[in-house]
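A quick write-up on the structure given underneath.
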Amino acid sequence: MSMFKVFDISGSAISAQSQRLNTVASNLANADTVAGPDGKAYKAHEVVFQTVLMDASGAAAKGDADNPLLTSAGVRVSNVVEDQTPGRRVFDPSHPEADAQGYVTYSNVNPVEEMVNMISSSRSYQNNVEVMNTAKSLMLKTIQLGQG
């Protein structure tokens, strides 16, 4: 396997984790929102990852998984889905968005879970940047060995 595939693999993970961080940020920004004019509250979004086999050029491969040239894998975001957990309902008849029974429906975003997702995604992003830096350092040291 070429050392350059390390950059393709880590790059795909960085891209996927970046999208996950953006989704978490959107969820946190809407954590305390109430039902809008359509009567529906914001639903938290979750990122779904998928393993992608990569060919020798680092592009997503289309073909036989048994092919020895397709031994490396990356990751991509296959879908962003809405969490179907019902939103939090709070009794507050004085609230302008209260329904006929006096309940206000808030988003289903759980800020604690989102903070855990943010930390996990951020660390994964940082780890993949470190993988790229380490691979670069090893390549430079290999070149220096050839000069001496």
Side-chain angles (χ1 to χ4, degrees), residues 1-90 92 95 97 99 103-148:
M1 176 166 84
S2 167
M3 281 294 291
F4 291 108
K5 285 188 180 183
V6 171
F7 296 106
D8 296 329
I9 295 166
S10 290
S12 71
I14 286 172
S15 177
Q17 291 300 338
S18 177
Q19 189 167 350
R20 183 178 175 204
L21 279 168
N22 286 336
T23 302
V24 168
S26 177
N27 287 343
L28 285 171
N30 289 289
D32 288 325
T33 59
V34 296
D38 61 356
K40 297 179 182 177
Y42 176 84
K43 296 264 189 193
H45 294 88
E46 297 174 356
V47 175
V48 179
F49 294 129
Q50 178 182 18
T51 302
V52 178
L53 291 176
M54 301 177 117
D55 63 15
S57 70
K62 297 178 180 93
D64 183 15
D66 295 327
N67 185 339
L69 296 175
L70 306 178
T71 56
S72 66
V75 65
R76 73 176 181 92
V77 173
S78 66
N79 202 1
V80 178
V81 297
E82 279 188 353
D83 181 1
Q84 295 305 316
T85 306
R88 180 172 47 100
R89 290 176 47 96
V90 176
D92 185 2
H95 195 283
E97 296 294 332
D99 61 13
Y103 286 93
V104 179
T105 303
Y106 286 87
S107 73
N108 65 349
V109 175
N110 181 337
V112 174
E113 285 180 17
E114 294 303 324
M115 292 301 292
V116 170
N117 285 335
M118 182 179 65
I119 291 167
S120 170
S121 183
S122 177
R123 288 204 175 140
S124 179
Y125 188 99
Q126 291 169 349
N127 288 337
N128 280 289
V129 168
E130 191 60 34
V131 166
M132 291 177 129
N133 286 335
T134 301
K136 181 182 101 176
S137 175
L138 289 172
M139 288 177 166
L140 288 173
K141 288 191 185 293
T142 303
I143 290 171
Q144 289 172 354
L145 283 173
Q147 293 174 350

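Position 1 is the first residue of the sequence; numbering continues from there.
- Of the residues listed (S15, S124, S12), the one engaging V75 in a side chain to side chain contact (heavy atoms under 4.5 Å, CB included) is S12, and it is the only one.
- Counting heavy atoms from C-beta on, the side chains of M115 and V112 never come closer than 4.5 Å.
- Remark: the backbone N or O of N22 is not paired with any side-chain donor or acceptor of S26 at under 3.5 angstrom.
- Residue R89 qualifies as enclosed at atom CZ: its count of foreign heavy atoms under 6.0 Å is above 12.
- Between the OG atom in S120 and the CG atom in L21 there is a gap of 9.5 Å [rounded to 0.5 Å].
- The backbone N or O of E130 lies less than 3.5 Å from a partner atom in the side chain of T134, making a donor-acceptor pair.
- Between the side chain of T23 and the backbone N or O of Q19 there is at least one donor-acceptor pair closer than 3.5 Å.
- You'll find the side chain of Y106 stays beyond 4.5 Å of the side chain of T33, heavy atoms only.
- For D83 (side chain) and A44 (main-chain N/O), no donor-acceptor pair under 3.5 Å exists by modelled atom type.
- Looking only at distances, a side-chain donor or acceptor of S121 sits under 3.5 Å from a matching main-chain atom of Q17.
- Put simply, OG1 on T105 and NE2 on H95 are 10.5 Å apart, with the number rounded to the nearest 0.5 Å.
- Closest approach of F49 and R20 over heavy atoms only: CZ-CD, 3.8 Å.
- Contact check for N27 versus E46: no side-chain heavy atoms found under the 4.5 Å cut-off.
- Proximity of V81 to K43: side-chain heavy atoms (C-beta onward) are nowhere separated by under 4.5 Å.
- The CE atom of M118 sits 10.5 Å away from atom CZ of R123, with the distance rounded to the nearest 0.5 Å.
- Atoms NZ and CD1, from K141 and I143 in turn, are 12.0 Å apart once rounded to the nearest 0.5 Å.
- Side chain of S107 to main chain of N30: a donor-acceptor pair is present (N/O by atom type, distance under 3.5 Å, no hydrogens or angles).
- Rounding to the nearest 0.5 Å gives a distance of 12.0 Å between CG of N128 and OG of S18.
- Taking CG of N127 as the start and CE of M132 as the end, the distance is 13.0 Å to the nearest 0.5 Å.
- Shortest non-hydrogen contact noted between N108 and T85 is ND2-O, 2.8 Å.
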